[in-house]
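Every value quoted in this text rests on a predicted model; they were computed, and no experiment measured them.
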Amino acid sequence: MGRIFALILALQGFAAGAAEIQVLSAGGVRPPLDELFAQFERASGHKVAVKYVGGPTVKREIDAGAAFDVAISNAAVIDELIKAGKLAAATRADVARAGVGVAVRAGAPKPDIASVEAFKRALLGAKSVAYSRDGTAGAHFRGVLERLGISKELEPKLKATVAADPVGGTLVLVAKGEAELGIAAIAAIFVPGVELAGPLPSELQTYIQFAAGVGANAREPKAGAALIKFVTAPAAAAAYKAKGMEPAGHRH
């Protein structure tokens, strides 16, 4: 508790005037971030205005001129933005990493996906499979289908969605029963209406490392840096672990 209290006091030092911090974030880390942003708002007095999109879309939005203070995405995207001068290099921090998992509607039978063959059978046996066409997990899934040699066979069953779409997103379709299976970053699956059937088999798994940085032209650079410090502090680790993620600095 001492560390959290010290962090709150440090944050309050930034809050001479309450700032509104504009955050552009990958949707794959939304559940733990929503929790941490709420804690940060209570601790600091600042407001967090966040827009969730697919990981690669974070870069496209920033390249197109989107106004933001903090960007959170997969590490490769953050590093590209630093190289392009869009993020301040000194503010870069690793956030957490997540594997890719399979979601089913809450209460639905969970397919066996423990081995490569079982996962392949589950995909071929499913009536429909949703994935995000603009997300990092979705791009990995398309590669997995190629590796398994079932891309053409599965094409008619696939539902390509837009990440963070509140009406037709991958997990929304699964929750409504409009897609039998959904492929997403594991942390993203911890939302009402869906359940984690399990991670992809280890031979097919990838780990998405999420990182953050403050915009080079941020309107609220100090408050943005304080937010990044908060979501990457040791006290934040429990929020990531509860959503199946591995916090930065907690590698096994």
Would you give me the side-chain donor-acceptor pairs under 3.5 Å for residues 110-122, sequence neighbours excluded?
{"residue": "D112", "atom": "OD1", "partner": "A114", "partner atom": "N", "Å": "3.0"}
{"residue": "S115", "atom": "OG", "partner": "A118", "partner atom": "N", "Å": "3.1"}

* To do: Keeping the roles fixed (side chain from K157, backbone from L124), state whether a donor-acceptor pair exists under 3.5 Å.
  => yes
* Structure fact -> Between V100 and A137 the two heavy atoms that sit nearest each other are CG2-CB, 4.0 Å
* hydrophobic_cluster_shared for V144 and L154, side chain cutoff 4.5 Å -> yes
* **L158-L204 co-clustered via ILVMFWY side chain contacts under 4.5 Å** => yes
* **Between T170 and S132, a side-chain donor and acceptor under 3.5 Å** => no
* To do: Identify which one of V231, I72, L36 satisfies the side-chain contact (heavy atoms from CB on, under 4.5 Å) criterion when paired with V29.
  => I72
* How far does CD of Q209 sit from CG of N74, to the nearest 0.5 angstrom? -> 9.5 Å
* Do you know the tightest heavy-atom contact between G107 and E195? -> N-OE2, 3.5 Å
* **Heavy-atom check, side chain of F141 versus side chain of V129, under 4.5 Å** => yes
* Scan side-chain atoms only and decide if R142 and Y131 contain a donor-acceptor pair under the 3.5 Å cut-off. => yes
* Asked: Which heavy atom of P31 sits nearest a heavy atom of A187, and at what distance?
  -> CG-O, 3.1 Å
* To do: Please round to the nearest 0.5 Å and tell me the distance separating atom OG of S25 and atom CZ of F37.
  => 6.0 Å
* Asked: Looking only at side chains, do E180 and S128 share a donor and an acceptor under 3.5 Å apart?
  -> no
* To do: Answer whether the closest heavy-atom distance between the side chains of V194 and V104 falls below 4.5 Å.
  => no
* Do any N or O atoms from the side chain of T232 and from the backbone of A93 form a donor-acceptor pair under 3.5 angstrom? -> no
* Can I189 and V174 be said to form a side chain to side chain contact (heavy atoms under 4.5 Å, CB included), step by step? -> CA-CA 10 Å; I189 296 171; V174 174; over 6 Å; no
* Asked: Taking atom CG of L200 and atom NE2 of H140, what is their separation to the nearest 0.5 Å?
  -> 5.5 Å
* Whether D134 side chain and V162 backbone form a donor-acceptor pair below 3.5 Å -> no
* Answer with yes or no whether the side chains of Q22 and E20 bring together a donor and an acceptor at under 3.5 Å. => yes
* With the 4.5 Å side-chain cut-off for hydrophobic clustering, are F40 and V95 part of the same group? -> yes
* Would you say the side chain of L87 lies within less than 4.5 Å of the side chain of R92, judging by non-hydrogen atoms? -> no
* More than 12 heavy atoms of other groups within 6.0 Å of K51 NZ -> no
* Structure fact -> Here the pair of heavy atoms bringing K86 nearest to F68 is O-CZ, 3.8 Å
* Asked: Are L171 and I183 linked, directly or through other ILVMFWY residues, by side chains that come within less than 4.5 angstrom of each other?
  -> no
* Asked: Less than 4.5 Å apart, any side-chain heavy atom of R97 and any of F210?
  -> no
* What closest approach, in Å, do T136 and G55 show between heavy atoms, and which atom pair accounts for it? -> OG1-CA, 4.1 Å
* Asked: Rounded to the nearest 0.5 Å, how far apart are CE of M245 and CG of L33?
  -> 7.5 Å
* Okay, side chain of T91, backbone of V214: is any donor-acceptor separation there less than 3.5 Å? -> yes
* Atom CD1 of I21 and atom CG of L227: how far apart are they, to the nearest 0.5 Å? -> 5.0 Å
* Kindly give the heavy-atom pair with the smallest separation between G27 and A188, and that separation in Å. => O-CB, 4.1 Å
* Do side-chain atoms of E220 reach the backbone of D69 as a donor and acceptor pair under 3.5 angstrom? -> no
* Quick one: pull up OH in Y240 and CD in E246 and give me the separation to the nearest 0.5 Å. => 13.5 Å
* Asked: Any sub-3.5 Å donor-acceptor pair from T57's side-chain atoms to V53's backbone N or O?
  -> no
* **Heavy-atom side-chain contact between V48 and V70 under 4.5 Å** => no
* To do: Could you go through the salt bridge (charged side-chain N to carboxylate O under 4.0 Å, His left out) check for E178 and K159 one step at a time?
  => CA-CA 9 Å; E178 292 174 21; K159 292 178 181 272; 5.8 Å; no
